[in-house]
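Here is the structure we will look at, set down as structure tokens.
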Amino acid sequence: MATVVVVGSQWGDEGKGKITDMISKKADLVVRYQGGNNAGHTVVVGEREFKLHLIPSGILYPDVSCVIANGVVVDPAVLKEEMDYLLDRGVEIKDFHISNQAHVIMPYHRVLDQAEEARKNDGKIGTTGKGIGPVYMDKIGRFGIRMGDLLDKELLREKLESILSLKNMILDKVYGAETFDIDELWTEYLEYGQKLAPFITDTSYLVNEALAKGKNVLFEGAQGTLLDIDHGTYPYVTSSNPTAGGVCTGVGVGPTKIDSVLGVVKAYTTRVGEGPFPTELTGEQGEWLREKGGEFGTTTGRPRRCGWFDATIVKYARRINGLTSIAVTKLDVLDGMEKIKMCTSYKYQGEVLTEFPVNQQVLAECEPIYEEFAGWEENTSQIREYENLPENAKLYLDRLSELVDCKVSILSVGPKRSETMVLDKFIE
Ligand code: GDP
Ligand code: IMO
Ligand code: MG
């Protein structure tokens, strides 16, 4: 048996979609364990680009079983759209399963998410506006609607009656926003239930059965370590646990079942949304990285904030996730830079911090301490062997691996499947 968790090691958008797709060819099951359609995972196959938000990136392999587990929050309207998008492009959706315990994003969650961001104004988080925070609040508050509830007409009505009266009151009285009609919602969501019924099941049972048979299972993380509700840069985080521990609760598998944790690491740093970002480049160099790296949100189209690689962040991700190795992506984006900087530690009130400070007030005051590297002119996206990389690129990667204290097992030099080097084994 081999199981691997693919986890984002920075603030998301590290290239998890590409790495998941690449490993999926060896997997029997690919499982999403948290988050929702706030995620945007890009997979490039030949000349075609697929943007996935909810359906696991393993879907492009016809023999791989794909699972949306209980820790994920599902917007059925978005899911239907994504299924149609794939079907239109000739991708079959046959071995696909959705947990009956996954919580449902309702339209009032989306409205509440956006209304709360507008209310906070300057203090906003910069959410994707997809209803993620509000749906997880209902889950923890114990009055959420789950995918299984969409299959039970009477239960759904009962739940909506109790929930909607409160939501409408909040929407109207607190935010002055539109309210929702119970009959319309009931009819619409029962219809989704009917359409999705063939896929809704007990996915914890399904995944554990597969594990018992020695199948290869890949757990695909969304977002990243610094967006984790517990371990991220709170409050500028998402509302789930993208970190490796989230797999156990988000799928219903025991920690003893996880063999490897592969951290996906961008060769520089990006962030979407608000919050401190010590190595951010706000001038020309940041613009250069954004343009060359195509750093615009897959879900919202927002320009991503760009900056130098920060080793303290990835070292922290190694600790929190128990990373067994890392996949470094987008090295090619650095091609042609004259000088490249890497943050090794921070200066905070005259002291040197070598560990990432989780406290936001501290992080906001941290000044990065850099090592500077000479760049390289060569186009690395053509290279398929580590030995053939420019010497300066090797020096950069070796130092990155040393500072993070983790081996690099995959190196990605372009968005395509072929633009990848496997340097070491990444599955135990
Ligand atoms: P995810 O959310 O972690 O799956 O990442 P996104 O898909 O949001 O963003 C990563 C972007 O970088 C996508 O457009 C990918 O196609 C692209 N990408 C992935 N790996 C590489 C790489 O090694 N080089 C380049 N140039 N682009 C890459
Ligand atoms: P993938 O899986 C990058 C960010 C948002 C915002 C914060 C909270 O593609 O890496 P939310 O809508 O989740 O309440 O927003 O989290 N965010 C992401 N940033 N990549 C993502 O997903 C993200 N999903 C959420 O920008 O700062
Ligand atoms: Mg993304």
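One-based numbering, in listed order, for ligands and for the atoms of each.
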Could you tell me if any non-hydrogen atom of [X] lies under 4.0 Å from any atom of ligand 2?
X    : result
H41  : yes
S239 : no
T298 : no

Any N/O/S atom, backbone or side chain, of G12 lying under 2.8 Å from the Mg ion (ligand 3)?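 No - counting backbone and side chain alike, G12 has no N, O or S atom under 2.8 Å.
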Nearest-contact summary for [atom] - protein heavy atom, Å:
atom                    : value
atom 7 (C) of ligand 2  : V237 O, 3.8 Å
atom 16 (O) of ligand 2 : L227 CD2, 3.6 Å
atom 26 (O) of ligand 2 : R302 NH2, 2.9 Å
atom 13 (O) of ligand 2 : T238 OG1, 2.6 Å
atom 23 (C) of ligand 2 : Q223 CG, 3.7 Å

State the atoms of ligand 1, each with its element, that fall below the 4.0 Å cut-off from a heavy-atom position in [X].
X    : answer
G17  : 4 (O)
K18  : 20 (N)
V413 : 23 (O), 24 (N)
R304 : 8 (O), 9 (O)

For residues T329 and K18, is any side-chain donor paired with an opposing acceptor at under 3.5 Å? no
Proximity flag [X] to ligand 1, non-hydrogen atoms under 4.0 Å:
X    : answer
G12  : no
M22  : no
G414 : yes

Pair K330 + E295: basic N to acidic O under 4.0 Å: yes
Heavy-atom side-chain contact between Y346 and D310 under 4.5 Å: yes
Rounded to the nearest 10°, what angle sits at the Mg ion (ligand 3) between O of G40 and OD1 of D13? 170°
Structural part of Y236 in contact with ligand 2, heavy atom criterion under 4.0 angstrom: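 Neither part.
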Ligand 2 contact on T127 by region, counting heavy-atom pairs under 4.0 Å: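 For T127, backbone and side-chain atoms both sit under 4.0 Å from ligand 2.
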Once you restrict to heavy atoms under 4.0 Å, what part of V264 touches ligand 1? Side chain, backbone, both or neither. neither
Please work out whether any backbone atom (N, CA, C, O) or any side-chain heavy atom from C-beta onward of K292 is under 4.0 Å from ligand 1, and answer side chain, backbone, both or neither.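 Neither part.
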Go through ligand 2 atom by atom and flag the ones less than 4.0 Å from a non-hydrogen atom of K16.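 So the atoms of ligand 2 that pass are 1 (P), 2 (O), 10 (O).
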Here's one to test your reading of the geometry: is the NZ or CZ of R399 within 45 degrees of the ring axis of F373 and under 6.0 Å from its centre? no
When rounded to the nearest 0.5 angstrom, what distance separates CG in L86 from CG in L52?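 Here the rounded value is 5.5 Å.
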If you compare T298, D332, V328 by their heavy atoms, the one closest to atom 26 (N) of ligand 1 turns out to be D332
Nearest non-hydrogen partners of T344 and T312, listed with the distance: O-CG2, 3.5 Å
